[in-house]
Amino acid sequence: MIKTFGLCRPFYTSQYQKDLLRFMCTTVKPGSTERMECKTVKEEKAEVVIECNTVKEGKAEVLYPKNVFYNPVQEFNRDLSVAVISQFARDRLTNPTDGKKSKQSKVKEETDCMEIDGKDENKETIAIVKDEKMETTDKVQDENEVELEPGKKYDNGIKILEGLSASGLRSVRFGLEIPGVNSIIANDFDENAVSFINKNIEKNNLQELLSSSCDDAAMVMYRNRNPRDHFDVIDLDPYGSPSKFLDATVQAVKDGGLLCITCTDAAVLCGNAGETCYSKYGAMSLRTTSCHEMGLRIILQCIESHANRYSRYVVPLISLSIDFYFRVFVRVHTGQGKVKRSASKMAMVYSCNECKSFSLQRIGALIPTKGSNFKYSPATGPPVTDKCEHCGSKHHIGGPIWADPICDIDFIDRVINRVNDNKDSLKTSERIVGMLTLQKEELQEVPLYFKLDSLFGFVHSETMPLIQFRSALLNAGYRVSLSHAMKNSIKTDAPHNVLWDIIRTWVKDHPVKPVRYEDTAIKTLLEKECTTKVSFEEHPEANPKSRKDGLLRYQANPEPHWGPKPKATRAMSNELQEERKRNLQGKKSKQKDQMKEEEGNDAKESDSNNEEVKKRKLGGNLKQKTVELDSYKIWHYISLRN
């Protein structure tokens, strides 16, 4: 049995109450999730009860109040963060000069030109060229030269800030599982949450590495804008959008530092509320089949635009659409010369509102000049006409979005190797390897994707097997890959007319019902002639390696009600919660009955009003006739007298 004691304020007391509560918590089995019986006694007034839970995740064991939800599905998010930051810390310590520049290099950086090295289907390496004869050297030392231990403080280690910590579970795991750490700050705006953070720091013996902070996350970062106070890693996992923290975030991270950012407002980023997305992220989202990848690219362009204001730019390491949220890991660098290239990384999206074909229009253009220099200019466009060339429908315009690669293949390989070497320490290691392998297989220079079901669903045809469709594209000489963001996705460098030619060829053997041709868009698309020679013979590379190896890629729903939970509220006693449930029970049916009753009353009132109007009209007519009759009698009497 483990007994712990501490002090905290109840979650439902007002901010002016300063009465402290003494509580006693008893766990049954350390290392498992068990309910804790917490007896809280107020020093002066009535007795209050706070129910608490304890949870074991990774190497951490933390205490948190019952009204603050713990979502076990988010363990994948925390495991991935531990793996990525651990690899970043090793890279940072084995290459201390990474991200640091001398004064001469900073001055000359604006005049440095860029050279694009050889391309392959997996990566595009960009290097600064100061001399045509200079060869780029590998700065990363052998990882085996430095042995780092988690839970130990390093004077030259990395500084981590978690801006929105809640119970501090993520920060505690960072302290216990990430090697090469100098210090960690777990910040939260709620005093009660900070009291639990302090308790969890003591519970896990992390007083040397981990400290708490009770402040607004943006203010903490603004106060650390001085380069001497910058953080190596900043982790933001807010409830909803992180947009209001980004301006402070890009100023408080070191040159070459790492940002780990979560966005849980997936509905906004996926096109359900484009106007809200524009107000938060500065881009219009579209409800398309590739909305999840488009949401990722909107986040990256938003971070980039904030960084550009301070002569900084971002390099995406990993960008994932996971379950109900997005998670991006980007490095932030300083350099006005490269900031000038940001416009050429952004693009507007023209999406057909019927067949969902899309085209991208880059905002900026790079025009080669003498030597390896470039001239920066606005791009020319648009790439489409007023009607879709495939089905004749109109376009929707979205963006701007990030149009460059969204991940770093070399960094992903290092993270995968690290996870494979430490499978026992990460519960979701199989899914991490599967998701990262799938993103590594994606065509990096091809933004957005199609969904196979949606392509054939538009023409109301039987869906072609995935391997057969991929074979048709490969046989035609084009590249194709899946997307980690959607099952049965098609990402290809083939023109869209090739995709529709494959579908037209398929429809010849799997005809569409004649009634479907009444739709003008479907008729226009299917009646066009095929210009591509289509072969459905199975191609040797049609089945991707991650699929052959049976990696865990698209995970099914792990448990009922596994999505995002309600926002944390102030605590209530059991009796108050039960009373609230009873009061709210049948609320919708009561509202419907009340609405029907009001509608009935309105109908009765309108009927009575109509009757009164009729009576008034009838009375007016009678009065008018009476006046006319009286005037006739008077006229007749006068005429007789005369």
Side-chain angles (χ1 to χ4, degrees), residues 263 265-274 277-278 281 283-302 316 318-328 345-362 383-384 388-391 393-407 435 438-439 441-459 463 466 469-470 473 478-500 502-503 544 553-554:
C263 301
D265 55 340
V268 172
L269 288 163
C270 290
N272 284 3
C277 184
Y278 184 82
Y281 298 95
M284 180 64 70
S285 58
L286 297 177
R287 187 63 179 169
T288 64
T289 53
S290 58
C291 60
H292 291 88
E293 183 178 332
M294 188 172 180
L296 273 174
R297 294 180 178 273
I298 287 175
I299 297 168
L300 291 175
Q301 76 81 25
C302 185
I318 297 174
S319 307
L320 295 176
S321 171
I322 312 165
D323 299 330
F324 54 85
Y325 62 93
F326 300 98
R327 182 71 166 169
V328 297
K345 300 176 185 177
M346 307 301 169
M348 303 299 293
V349 181
Y350 293 82
S351 176
C352 175
N353 60 358
E354 290 290 341
C355 68
K356 304 304 179 184
S357 298
F358 57 86
S359 299
L360 269 68
Q361 171 64 65
R362 297 267 181 166
V384 297
C388 175
E389 63 176 318
H390 306 292
C391 68
S393 301
K394 294 182 179 180
H395 291 95
H396 288 158
I397 304 176
I401 66 170
W402 177 275
D404 269 15
I406 61 175
C407 66
M435 289 283 286
L438 193 57
Q439 179 161 74
E441 292 177 347
E442 292 183 22
L443 297 178
Q444 298 302 315
E445 66 277 13
V446 179
L448 308 184
Y449 56 85
F450 286 99
K451 187 180 178 184
L452 193 64
D453 304 343
S454 299
L455 285 173
F456 287 89
F458 172 67
V459 297
T463 303
L466 178 64
F469 194 89
R470 288 170 57 93
L473 287 169
Y478 300 101
R479 293 179 298 152
V480 62
S481 73
L482 296 172
S483 171
H484 78 278
M486 181 66 65
K487 193 176 182 180
N488 291 335
S489 53
I490 296 292
K491 181 177 281 198
T492 178
D493 59 354
H496 292 176
N497 65 294
V498 175
L499 299 177
W500 295 118
I502 294 173
I503 293 174
R553 304 172 302 158
Y554 306 103

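- To the nearest 0.5 Å, the span separating CG on Leu286 from NE2 on His395 amounts to 11.5 Å.
- Gln444 places no side-chain N or O within donor-acceptor distance of the main-chain N or O of Asp404, the cut-off being under 3.5 Å.
- Here the shortest heavy-atom pairing between Pro544 and Glu441 reads CB-OE1, 3.9 Å.
- Summarising the geometry, atom CG belonging to Leu466 is positioned 5.0 Å from atom CD1 belonging to Ile490; distances are rounded to the nearest 0.5 Å.
- Smallest separation of non-hydrogen atoms from Ala403 and Pro447: O-CG, 3.6 Å.
- Taking the side chain as every heavy atom from C-beta outward, Phe326 and Asp265 never approach each other to under 4.5 Å.
- Between Glu389 and Asn497, the closest side-chain pair of non-hydrogen atoms is not below 4.5 Å.
- Residues passing the side-chain contact (heavy atoms from CB on, under 4.5 Å) test with Met486, sequence neighbours excluded: His292, Tyr449, Lys451, Ser489.
- Residues Asp453 and Lys487 are not paired through a salt bridge, judged by the lack of any N-O separation under 4.0 Å between the basic side chain and the carboxylate.
- Within the 4.5 Å cutoff, the side chain of Phe469 has heavy atoms near those of the Leu455 side chain.
- For Arg297 (side chain) and Met346 (main-chain N/O), no donor-acceptor pair under 3.5 Å exists by modelled atom type.
- Rounded to the nearest 0.5 angstrom, Met435 CE and Leu320 CG are separated by 5.0 Å.
- Residues passing the side chain to side chain donor-acceptor pair (under 3.5 Å) test with Asp493 are Arg479, sequence neighbours excluded.
- By the side-chain contact (heavy atoms from CB on, under 4.5 Å) test, Cys277 is found to be paired with Val268, Leu269, Tyr281, Ser285, Ile298, residues two or more places apart in sequence or in another chain being considered.
- Going from atom CD1 of Ile299 over to atom CD1 of Ile401 covers 12.0 Å, rounded to the nearest 0.5 Å.
- Take Lys491 and apply the side chain to side chain donor-acceptor pair (under 3.5 Å) test, not counting sequence neighbours, and it matches Glu293, Glu442.
- For Arg287, the side chain to side chain donor-acceptor pair (under 3.5 Å) test picks out no residue, with sequence neighbours left out.
- Scored by the ring-ring contact (aromatic ring centres under 6.0 Å, His included) test, His496 finds Phe358, Phe450 as partners (sequence neighbours excluded).
- Atoms OG and CE, from Ser321 and Met294 in turn, are 14.0 Å apart once rounded to the nearest 0.5 Å.
- Remark: Arg327 pairs with Asp235 by the salt bridge (Lys or Arg N to Asp or Glu O under 4.0 Å) rule, at least two apart or across chains.
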Donor-acceptor pairs under 3.5 Å, side chain of residues 348-355 to any protein atom, not counting sequence neighbours: which ones?
none

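- Scored by the side chain to side chain donor-acceptor pair (under 3.5 Å) test, Ser483 finds no partners at all (sequence neighbours excluded).
- The side-chain contact (heavy atoms from CB on, under 4.5 Å) test applied to Ala267 returns Asn272, not counting sequence neighbours.
- Looking at Ile318 and Gln439, their side chains come closer than 4.5 Å, going by heavy atoms from C-beta outward.
- Residues forming a side-chain contact (heavy atoms from CB on, under 4.5 Å) with Ala494 (at least two apart in sequence, or on another chain): Leu473, Tyr478, Thr492, Val498.
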TODO: Evaluate the side chain to side chain donor-acceptor pair (under 3.5 Å) criterion for residues Ser357 and Trp500: first the C-alpha distance (whole Å), next the side-chain angles of each, then the deciding distance (0.1 Å), finally the verdict.
DONE: CA-CA 10 Å; Ser357 298; Trp500 295 118; 3.1 Å; yes

Open item on the list: Please determine whether side chain to side chain contact (heavy atoms under 4.5 Å, CB included) holds for the pair Lys345 and Leu300, giving the CA-CA distance in whole Å, both sets of side-chain angles, and the decisive distance to 0.1 Å.
Closed with: CA-CA 10 Å; Lys345 300 176 185 177; Leu300 291 175; over 6 Å; no

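- Leu296 places a side-chain heavy atom less than 4.5 Å from the side chain of His484.
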